[in-house]
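Nothing fancy with the numbering, it's 1 onward along the sequence.
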Amino acid sequence: MRIGVTGSGGKLGRATVERLRAEGHVVSGFDLAGIPGPGFTRVDLTDFGQTLDAFLSVTARHDGLDALVHLAAIPVNGLVPDAATFHNNVAVSFNALFAAHRAGIRTVVLASSITAMGFPFDEAPPSLPVDEDYTRANNTYGLGKVAEEAIAGQLVHWAPGTSITALRFTNVVAADDYDTFERAAEPGYRRDLLGSWVDARDGAQAVSLALAHAAPGFEVYNVAAPDSGCAAPSRELAQRWFPGTPVADDLGEFESLMSTRRIRERLGFVAEHDWR
């Protein structure tokens with residue numbers, strides 16, 4: 001396939017581009033920063049005209065796309081003021097999704113986030129592990145992701161055969177970030193993330209699987225390592241962090257409290273990297 005990847009210069013974007021190219025796809029990266037040359041075009045995705053033009057074709061780069069992976073965003077709260085985070089991310093995602101629609105790209109994978117399902121969990125979730133049926137925004141970044149999912153859920157009906165998959169990524173860890181797990185035994189470590197994490201290379205695997213299993217309609221999948229990033233057993237963490245919250249009877253000893261059951265069962269996701 002000919003696949004466009006927005007945010008190709010980011011941590012997850014780089015891993016995704018590498019994975020898709022290794023699988024034989026022709027990948028065009030779109031971002032504000034990247035290595036000039038074949039496979040990359042500098043695009044300001046806040047500009048709808050640039051976005052649509054880039055998706056339709058770019059001389060000496062590509063002459064059309066079969067699928068789009070939209071990863072571009074301000075990655076966390078705090079880098080810019082809150083309203084600017086929301087305005088940028090929602091506008092960029094609308095531009096990418098609507099430009100894909102206008103360009104006739106019917107397969108889209110969209111990066112959503114754990115922030116669309118209650119992060120930082122000051123209020124306990126209804127049950128554990130938290131699955132894709134729970135949606136709650138508790139900050140402006142999360143509010144943007146909820147809005148983006150809602151836009152995708154409507155746009156998917158605007159053209160026959162359109163498939164949009166939203167992947168709710170947790171904290172993405174690069175191969176050289178594993179020293180952070182030296183704190184894994186601390187009681188509050190990764191509490192705001194439900195103890196979850198995902199290696200960037202496994203995040204790229206999730207993108208690949210979403211593309212391979214794309215079917216008409218809108219789907220949401222959590223993306224995390226199946227096991228938590230904490231040293232303590234998951235049931236102990238649940239009791240410590242969310243006393244009184246119902247916990248699944250079949251919760252594995254170190255199973256992530258951010259459920260990955262749906263993506264494992266439906267897409268065959270199997271993490272290839274583990275901090276332990």
Side-chain angles (χ1 to χ4, degrees), residues 11-12 15-16 75-77 111-139 141-142 145 166-207 209-210 220-276:
K11 186 184 297 185
L12 179 58
T16 297
V76 293
N77 274 117
S112 188
S113 167
I114 190 175
T115 62
M117 52 190 291
F119 174 95
F121 300 97
D122 294 330
E123 174 186 350
S127 62
L128 294 165
V130 184
D131 64 23
E132 293 85 349
D133 293 334
Y134 183 60
T135 298
R136 180 67 59 85
N138 289 320
N139 57 35
Y141 188 89
K145 290 303 180 184
L167 300 179
R168 288 180 173 176
F169 288 99
T170 185
N171 174 236
V172 176
V173 176
D176 58 357
D177 288 338
Y178 275 60
D179 58 351
T180 62
F181 293 105
E182 293 173 1
R183 299 175 51 212
E186 294 180 12
Y189 181 64
R190 292 186 176 271
R191 186 263 181 213
D192 289 350
L193 294 160
L194 301 174
S196 67
W197 70 289
V198 68
D199 188 290
R201 293 162 292 184
D202 289 326
Q205 179 202 160
V207 171
L209 289 168
V220 179
Y221 294 101
N222 292 344
V223 182
D227 284 352
S228 82
C230 299
S234 297
R235 197 170 294 274
E236 178 183 319
L237 294 175
Q239 177 59 33
R240 177 191 302 159
W241 294 339
F242 307 106
T245 298
V247 178
D249 291 339
D250 60 349
L251 181 73
E253 183 178 10
F254 294 103
E255 183 178 349
S256 174
L257 295 178
M258 178 183 178
S259 177
T260 60
R261 298 182 183 192
R262 180 181 294 181
I263 193 169
R264 285 185 283 157
E265 292 169 1
R266 296 188 186 178
L267 303 189
F269 175 74
V270 178
E272 299 170 354
H273 304 88
D274 191 351
W275 70 275
R276 296 176 194 272

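Ile114 and Leu193 get closest at one heavy-atom pair: CD1-O, 3.7 Å. Nearest approach of Val270 to Gln205, heavy atoms of both residues: O-NE2, 2.9 Å.
Residues passing the side chain to side chain donor-acceptor pair (under 3.5 Å) test with Glu265, sequence neighbours excluded: none. Taking Arg201 as the reference, Asp199 meet the salt bridge (Lys or Arg N to Asp or Glu O under 4.0 Å) condition, with sequence neighbours excluded. Residues forming a side chain to side chain donor-acceptor pair (under 3.5 Å) with Thr260 (at least two apart in sequence, or on another chain): Arg264. For Thr245, the side chain to side chain donor-acceptor pair (under 3.5 Å) criterion is met by no residue, not counting sequence neighbours. With sequence neighbours left out, Asp250 forms a salt bridge (Lys or Arg N to Asp or Glu O under 4.0 Å) with Arg261. Residues that satisfy the ring pair (Phe, Tyr, Trp, His ring centres under 6.0 Å) test with Tyr189, not counting sequence neighbours, are absent from this structure. Here Tyr134 pairs with nothing under the ring pair (Phe, Tyr, Trp, His ring centres under 6.0 Å) rule; sequence neighbours left out. In this view, Asp274 satisfies the salt bridge (Lys or Arg N to Asp or Glu O under 4.0 Å) rule with no residue, not counting sequence neighbours. When the salt bridge (Lys or Arg N to Asp or Glu O under 4.0 Å) test is applied to Arg262, the partners found at least two apart in sequence or on another chain are Glu132, Asp133.
Looking at Met117 and Met258, their side chains come closer than 4.5 Å, going by heavy atoms from C-beta outward. When side chains are defined from C-beta on, Ser256 counts as touching Ser196, because their heavy atoms get closer than 4.5 Å.
Note: Phe242 CZ to Ser127 OG = 11.5 Å, rounded to the nearest 0.5 Å. Of the inter-residue distances, the one linking Glu255 atom CD with Leu257 atom CG reads 8.0 Å to the nearest 0.5 angstrom. For the atom pair CG of Asn222 and OG of Ser112, the computed distance is 9.0 Å after rounding to the nearest 0.5 Å.
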Decide side-chain contact (heavy atoms from CB on, under 4.5 Å) for Asp202 and Phe269; before the verdict, give the C-alpha distance in whole Å, the side-chain angles of both, and the deciding distance to 0.1 Å.
CA-CA 9 Å; Asp202 289 326; Phe269 175 74; 4.1 Å; yes
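No donor-acceptor pair closer than 3.5 Å links the side chain of Asn171 to the backbone N or O of Trp197.
Residue pairs that meet the salt bridge (charged side-chain N to carboxylate O under 4.0 Å, His left out) test with at least one member in residues 170-179, sequence neighbours left out, are Lys11-Asp177. The salt bridge (charged side-chain N to carboxylate O under 4.0 Å, His left out) analysis of residues 224-237, with sequence neighbours excluded, yields the pairs Glu236-Arg240.
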Considering only distance and modelled atom types, tabulate donor-acceptor pairs under 3.5 Å from the side chains of residues 118-126, sequence neighbours left out.
residue : atom : partner : partner atom : Å
Glu123  : OE1  : Arg136  : NH1          : 3.0
Glu123  : OE2  : Arg136  : NH1          : 3.3

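Donor-acceptor pairing under 3.5 Å is recorded for the side chains of Thr135 and Arg168.
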